[in-house]
Amino acid sequence: MACFFSTSANWISKANKFVPYLLHPECVYSISVSASAVRAKVSLGTNPWNLATANQNLASLAEKYGGGGHQRVAAISFDPAEIARAREVARGLVKLLRKSKT
């Protein structure tokens with residue numbers, strides 16, 4: 001299962017990347033959207049406490065959108081004005097990860 005959260009429209013500029021797993025320990029992956037003055041960012045992560053079904057290479061997924069990373073964590077950066085595009089990409093990644101056998 002993949003969990004999604006966004007801090008891009010809130011006063012929260014930084015969120016601990018492990019909070020989604022605390023709130024939803026059943027999640028295998030998290031996908032988040034954040035915004036700053038220099039970029040909009042989609043972050044992908046794997047729950048380190050729930051690796052049993054984590055079979056997706058997140059770097060490979062991010063590379064399809066110009067991002068990169070590692071098998072367990074990755075990110076995609078966008079121009080700050082492209083926050084809507086970042087959200088669209090994040091929604092697509094959530095759908096893809098939810099369809100996978102995780």
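- Heavy-atom minimum distance, Asn50 versus Cys27: ND2-O, 3.5 Å.
- Applying the ring pair (Phe, Tyr, Trp, His ring centres under 6.0 Å) test to every pair with at least one member in residues 77-97, sequence neighbours left out, gives no pairs at all.
- Annotation: side-chain contact (heavy atoms from CB on, under 4.5 Å) contacts of Pro48 (sequence neighbours excluded): Phe18, Tyr21.
- Taking CD1 of Ile76 as the reference point, atom OG of Ser43 lies at 9.0 Å (rounded to 0.5 Å).
- Applying the side chain to side chain donor-acceptor pair (under 3.5 Å) rule to pairs touching residues 62-80 yields Arg39-Ser77, sequence neighbours excluded.
- Expressed to the nearest 0.5 Å, how far CG of Leu58 lies from CG of Leu97 amounts to 6.5 Å.
- Across all their heavy atoms, Ala86 and Val33 have their closest contact at O-CG2, 4.1 Å.
- No path of Ile, Leu, Val, Met, Phe, Trp and Tyr side chains, each step under 4.5 Å between heavy atoms, connects Leu61 with Val73, placing them in separate hydrophobic clusters.
- In terms of heavy atoms, Pro25 sits closest to Asn47 at O-ND2, 3.5 Å.
- Take Arg85 and apply the salt bridge (charged side-chain N to carboxylate O under 4.0 Å, His left out) test, not counting sequence neighbours, and it matches Glu88.
- Across every non-hydrogen atom of Ile83 and Ala40, the tightest pair is CD1-CB, 3.8 Å.
- Between Gly68 and Ala62 the shortest heavy-atom distance is N-CB, 3.7 Å.
- Side-chain atoms of Tyr29 come within 3.5 Å of backbone N or O of Gln56 as a donor-acceptor pair.
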